[in-house]
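A quick write-up on the structure given underneath.
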Number of protein chains: 2
Amino acid sequence: MLSERQMMILRAVVRDFTNTGVPVGSKALAKQLPIHVSSATIRNEMAALEEQGLIKKTHSSSGRIPSVEGYRYYVDHLVKPDPLRPNDIDVIQSSLGGDFHKIDEIISQSATILSNLTSYTAFTLKPELKDSRLSGFRLVPLGKRQIMAILVTDSGDVENQTFDVAGDVDGEQLEAVVRLINDQLVGLTLPEVLRKLQADIPAKIAHYLQSPQGFLDIFGDVLTRAAQERFYVGGRLNLLNFSQDSDVDSLKSLYSLIDKTDDIASVLGQPSDKISVRIGNEMTNDALRNFSLITATYDVDQHGQGMIAILGPTRMPYSRMLGIVGAFREELAKKLLDYYRFYDE
Amino acid sequence: MLSERQMMILRAVVRDFTNTGVPVGSKALAKQLPIHVSSATIRNEMAALEEQGLIKKTHSSSGRIPSVEGYRYYVDHLVKPDPLRPNDIDVIQSSLGGDFHKIDEIISQSATILSNLTSYTAFTLKPELKDSRLSGFRLVPLGKRQIMAILVTDSGDVENQTFDVAGDVDGEQLEAVVRLINDQLVGLTLPEVLRKLQADIPAKIAHYLQSPQGFLDIFGDVLTRAAQERFYVGGRLNLLNFSQDSDVDSLKSLYSLIDKTDDIASVLGQPSDKISVRIGNEMTNDALRNFSLITATYDVDQHGQGMIAILGPTRMPYSRMLGIVGAFREELAKKLLDYYRFYDE
DNA sequence: TCTTAGCACTTGATTAGTTTGAGTGCTAAA
DNA sequence: TTTAGCACTCAAACTAATCAAGTGCTAAGA
C-alpha cells in the first residue's frame, strides 16, 4: 500500500524519467514537488518505494528509475491521459479528412498518422467480423495465358492473385470449377473452406480439370492470405531511434517479428475494450524487452472491431501516448462509420 | 601507369582490406606477396600508389586502405570474378528449382537468394519491354458495392485495385466505359494513355457516368502503378550490419531511399550489358557514400531485359560478388526462358 | 514519531598522462 | 634499385586523478 506522498513521488519519478531519460535523484525531486519536504525525506520515501520494487537504482549511488512494476503501478493507478494538443487535432483532422475509396486506405493511413503523432511505430488492423465467410470466388481470364483468381469474403475483404496457365484454357471448364466452388463453399467460414479444400473438393474438381493440383495451389494460396489478419505498420524506421548502443541483433529480430504476418496476433494479444498497456518483459517476446506496447480496439457497430497499437520504448511518456491512442480510436471509428454509411447508403 | 609490381601490391591491399577491414601495412604485405622483396621496397611502392591517389592512410603512420579510385582501378583492371562455391550452386539450384506460377514469384525469390548468397541487400527487376502498352482494362463487380479495376499490359504486367462505389452500379454504364477505354486506348504506351487520360477522355466518359471523377481517379491510380517499375528487395535488414557507429540518420535516409519506388531507377542507373560496379561517392546520392552497388542486366530474348543488383559496403569482396552476380544473371535468364517456354508452349 | 541537516561513502564520467605496437619516411650503404 | 636501420607518429589501451551527483545513515530537532 502506498501513501499519498509515495504516489506523488512515484508519479514524479516516472514523469521525470520518461521526459529526460536521466535517473532522478532526491534533490531534484524535492525542488519540484508541490509539497515542501527535504531531500532526506524524499530519500526515505524512495527507499520505501524501492523496497516495494517500484523503482530501482542503476548503480549503488545513482538516482532512481522506475522498474517495470513501477510503470505498471503508474499506468494502472496514477496516470491521467493528456488531452490532445491543438496541433495533433489538426494533424488527425487533415490526414483523415480526405476522400477514400477503400477501407484499407483509411487503415493504412491511420498507421502513418499514429506514428507521426507519437514518433514511435504504429500498427493498425481493420475492423473484422469474428468469422468472416466466403462470399464469392472468381476466375477472370486476362490475356492469352493469364488468369486472375479473386476471392471475396462477406466482410468485404478481397484477395486476388494472378497466375500463368499452360496450354489453352477451356472457358467452360473454368466456369464449371468456379460454379462448383461457389455452390459448395460459399457461406462457410474460411477455416472450414480450408478444411474442405483438403478433403472432398479435390476429387470433385478432378471431374473438370485434368491437372487440378495447380488450381488447388492457387486457391489455397488466396484463401490462406484472406484468412490471415492484415495489418499496417507506420513509422517502422522509428525503431532505429531506440536501438541502444546499436544492438543490431535485437533490432533485426524486432523487425522480423514485425514483418512476419502470422505473429502479429500473438504480439498484439487479445482484444479488450479498455486500452491496454504492456510493459517490457510483461510481453513474452524477448525482442520486446525494452519496449512497451499500447493497444486499443475500436468498434464500428455491426462492421466489427478493429485495433490500433503503438510500440515504443519502455520509457515513453504514457500520459501523452494514452491521450493520443484514446482520442484516435474515437476519430477512426467515427470516420469509418461515415465511410460505411456513405457506401451502404 | 602502374608497374606489374604495383598492380600486384594494389591487388593485395584491396583483397586484404576487404577481407579483414584492417588497414594493411608494408610488413604484412612483404610476407604475403609471391615475389620476395623487403618491406622497405613495398613502402616505396606504396608511396608511389598513394601519390597516384589509389590508396591512402587513415592517419599519418597507419597502414594503407584503398581509395575510391583504388577500388575503381582494381575493379576495372585487376579483379577476376571468383567461381561459385559448390554450396552457392546448391543454394541457387534448389531455390530456383521449384515450380512457379508467376514471373513475380521468381523475381522476388531471386532477390532473396541473392541477399542470402551475399549477405548484403539485393534488388531485382523483372524483364521489361522498353515501352509496354496497354492491352486490356476491366471492371469486375465483386459484391454489392465493390468493384475491381484490372489493367493488363502487353508485357504481361497486371495491376489491380479494389474500390467501393456509392449507390447502385449500372452494369451497362460500366460496360460502356470499359468498352470506351479499350477502344480508344489499347495499344498505346502507358505514358500516352496517361496523357490522354488528362486530355480528351474525361469528356467522353461524362456521357456514360454522372460522376466520372471517381472513376478517373481509380483508373489513373492503377495506371501510374502499372507504369512504375516494380522491384523486389531482399535482405533489407542486412543494411543494419554496416551502419557504422549506429548512425541512425544516414541509415534512415538509406531505407527511405530503398522504399521509395520512384527513386530506384535513379539509384540503379542506366542498364548496360556489362556488369557495372559503382563505388561510394561515384553515386551521387549521399546516403550511399559508404556503399557500393553492383548491377547487371539479364536478357530473356524477346521478353525484354531485367536487372539484378546488390548493395553492400564499399569494402566488399568484389571478386566473390562479381562471381555471384555474373553466375546468377545467367541462371535467372535460363530459368525465365524455361518458364516462358513452358507457358508460351 | 516524523523530519531534516550533515557527513562519509559510492559510482560513472571526464580528463590527462603513459605505454605499447604497428607502421611510416628517410638516409645511407650494398 | 634494393634494403637495413632508425627516428618519428599515431591510435588504442590502460592508469590515475578529479568531479559531480547521489545515496544511506546518524543524531538532533519539532
For this session: Give the nucleotide from the list D:dT3, C:dT24, C:dT11 with an atom nearest to the side chain of B:Ser61.
Result: C:dT24
Problem set entry | B:His59 side-chain proximity, nearest of C:dT4, D:dA11, D:dG24 | D:dA11
Seminar exercise, completed: Nearest-nucleotide check on DNA chain D, B:Thr58 vs B:Ala40; residue mapping nearer the 5' end is B:Ala40
Report the distance from atom [atom1] of [X] to atom [atom2] of [N], rounded to the nearest whole Å.
| X | N | atom1 | atom2 | answer |
| --- | --- | --- | --- | --- |
| A:His36 | D:dA30 | NE2 | C1' | 14 Å |
| B:Leu29 | C:dG23 | CG | P | 10 Å |
| A:Asn44 | C:dG6 | CG | P | 16 Å |
| A:Ile55 | D:dG22 | CD1 | P | 13 Å |
| A:Glu45 | C:dC2 | CD | P | 10 Å |
| A:Lys56 | D:dG24 | NZ | P | 16 Å |
| B:Leu49 | C:dG25 | CG | P | 12 Å |
| A:Met46 | D:dG24 | CE | C1' | 13 Å |

For this session: Please determine, by modelled atom types, if B:Ser256 and B:Ser253 share a side-chain donor-acceptor pair under 3.5 angstrom.
Result: no
Quick one: is [X] getting a side-chain N or O under 4.0 Å of the [N] phosphate, OP1 or OP2?
| X | N | value |
| --- | --- | --- |
| B:Arg43 | D:dT3 | no |
| B:Lys57 | C:dG25 | yes |
| A:Arg64 | D:dG22 | no |
| B:Arg5 | D:dT2 | yes |
| A:Thr41 | C:dT3 | no |

Problem set entry | Donor-acceptor contact below 3.5 Å, side chain A:Arg329 vs main chain A:Thr297 | yes
Problem set entry | Main-chain N/O of B:Thr18 paired to B:Arg315 side chain as donor or acceptor, under 3.5 Å | yes
For this session: Please check if atom NE2 in A:His36 has more than 12 non-hydrogen atoms from other residues, nucleotides or ligands closer than 6.0 Å.
Result: no
Exercise. Counting only heavy atoms not in B:Lys252, do more than 12 sit closer than 6.0 Å to its NZ atom?
Worked result: yes
For this session: Could you walk me through whether A:Arg15 and A:Asn19 pass the side-chain contact (heavy atoms from CB on, under 4.5 Å) test, one step at a time?
Result: CA-CA 6 Å; A:Arg15 215 178 24 207; A:Asn19 283 333; 4.2 Å; yes
For this session: Tell whether B:Ser60 reaches the base of D:dT9 with its side chain through a donor-acceptor pair below 3.5 angstrom.
Result: no
Problem set entry | Aromatic centroids of B:Phe291 and B:Tyr120 separated by under 6.0 Å | no
Exercise. Among residues 13-28 of chain A, which residues get a heavy atom nearer than 4.0 Å to DNA chain D?
Worked result: A:Gly25, A:Ser26
